[in-house]
Amino acid sequence: KNNIIQYHANSLKDKNLSALHREARGSDTRLSGIISHDIMQWVLSGSIEQQSARIDDVNECLQQVSNQKYSHFIAQDFIKDLMPSSIHDARIQKVVEKTAGLIRGWKRFLDKFEIENIVSEKPLVQKIETHSGIDVFLLARADAIVETVNGHIIVEFKTGSCTHIDDWKEQ
């Protein structure tokens, strides 16, 4: 049973695939959200002490991309397959816009709480019942679990339109 639980928890997101390959058939809006999300996961994968430097790296990259320069290591790692012929390419504009918004929100979050630890892309497994002798589990993956001096906060990044906020509340 433990192997099955671990397999399903790990299969919720295959981190070995780039955002482009995970959502190759998706819309530009969805794809830009996935790329922005992946950039945020890179920011969070560093220690708390590295957060500021990683945020600076992302902001520098976004500035360069806005000026049609794609040599920054973040651009190479996350958007190299989307290199446009023009900054007016909607995919790149959406990546810059969404990533900048996530970074601004994350900086406000960091300023608001005294953070002790951050765990990114944490699989969560909870047994919810037993049905006909078979254990039934709820599987999820939190974008971040933030440990503060006052308790834990679960963070879920959203890059879609605010018109979906009611749908997100349940998540």
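These numbers were taken from a predicted model, which means no experiment stands behind them. In what follows, residues are counted from 1 in the order of the sequence shown.
- A heavy-atom distance below 4.5 Å is found between the side chains of D57 and H72.
- A distance of 14.5 Å separates CZ of F157 from NZ of K98, quoted to the nearest 0.5 Å.
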Give the table of side-chain donor-acceptor pairs shorter than 3.5 Å for residues 99-112, with sequence neighbours excluded, one pair per line with atom names and distance.
residue : atom : partner : partner atom : Å
T99     : OG1  : S36     : OG           : 2.9
T99     : OG1  : V95     : O            : 2.7
W106    : NE1  : Q51     : OE1          : 2.7

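- Open room surrounds CD1 on I154; 12 or fewer heavy atoms of other groups in view lie less than 6.0 Å from it.
- Annotation: side chain of S45 is in contact with side chain of R54 (closest heavy-atom distance under 4.5 Å).
- Summarising the hydrophobic clusters (Ile, Leu, Val, Met, Phe, Trp, Tyr; side-chain heavy atoms under 4.5 Å, direct or chained), the residues clustered with V136 are I128, L138.
- Contact check for I118 versus V155: no side-chain heavy atoms found under the 4.5 Å cut-off.
- Looking only at distances, a side-chain donor or acceptor of T148 sits under 3.5 Å from a matching main-chain atom of G151.
- The nearest pair of heavy atoms linking A75 to C61 is N-SG, 3.5 Å.
- A donor-acceptor pair is defined here as one N or O able to donate and one able to accept, closer than 3.5 Å; no such pair exists between the side chain of E156 and the backbone of A142.
- The environment of CD in E129 is crowded: more than 12 heavy-atom neighbours from other residues, nucleotides or ligands sit within 6.0 Å.
- Taking the side chain as every heavy atom from C-beta outward, H37 and D143 approach each other to under 4.5 Å.
- The distance from the CD atom of E121 to the CG atom of L44 is 9.0 Å, given to the nearest 0.5 Å.
- For the pair V146/F113, no side-chain contact is recorded, criterion being any heavy-atom separation below 4.5 Å from C-beta on.
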